[in-house]
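The block underneath contains the structure these notes are about, expressed in structure tokens.
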Amino acid sequence: GPPEAKAAAVARLARAGDAHVLTALADIGRWVGIGAANLANVFNPRAIILGGYFTLLADWILPPAAVALVEGVLAPDAGGCTLTTSSLGFSAAARGGAIHVADQIISDAAMLDRRSRLPA
């Protein structure tokens, strides 16, 4: 099935208290937080916004991720970085990527002509 349905099924199991699912989501959350801490240490963002599956599973992933973020960032209070989920929907990242490509083409329409003349 579609990714949204798979994530919704995991969320249903988590809401039902499935111990294996809850343990897996907590572990995923911890690893997300470790990754977020690495990003925060390198780039010092004000926020890290998660999308896709994370929006449907945020209730179980964000708490351990937030703890791991604070523990892993060198600056106090995670350097002011917050970890949250997108409110723009499951496919926001894909739409954002498509918009970026469209913007590149619109800003340089000659790029289309150059690509059509490239050798195969």
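- Interatomic distance, D77 CG to T82 OG1, rounded to the nearest 0.5 Å: 12.5 Å.
- Judged by distance alone, the side chain of T23 and the main-chain N or O of H20 form no donor-acceptor pair under 3.5 Å.
- Taken from CZ in R15 to CG in L22, the straight-line distance is 11.5 Å, to the nearest 0.5 Å.
- The same ILVMFWY cluster, assembled from side-chain heavy atoms under 4.5 Å apart, contains both L69 and V42.
- The two residues A40 and V73 make their nearest non-hydrogen contact at CB-CG2, 3.8 Å.
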List the atom pairs, donor and acceptor, that lie under 3.5 Å between side-chain atoms in residues 4-11 and the rest of the protein, sequence neighbours left out.
none

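- Sorted pairs that involve residues 32-57 and meet side-chain hydrogen bond (donor to acceptor under 3.5 Å, both in side chains), not counting sequence neighbours, are lacking altogether.
- Residues L83 and A36 come closest through the heavy atom pair CD1-CB, 4.2 Å.
- Residues that satisfy the side-chain hydrogen bond (donor to acceptor under 3.5 Å, both in side chains) test with R95, not counting sequence neighbours, are S91.
- Residues P63 and A58 share a closest heavy-atom pair of CD-O, 3.6 Å.
- Shown are L62, L50, D27; of these, the side chain to side chain contact (heavy atoms under 4.5 Å, CB included) with V32 is made only by L50.
- One distance of note links CZ of F54 with OG1 of T84; it measures 13.0 Å at 0.5 Å rounding.
- Of the inter-residue distances, the one linking I48 atom CD1 with C81 atom SG reads 4.0 Å to the nearest 0.5 angstrom.
- Interatomic distance, CG of L57 versus CD1 of I28, reported as 7.5 Å (0.5 Å rounding).
- To the nearest 0.5 Å, the span separating CG on L39 from CD1 on I34 amounts to 12.5 Å.
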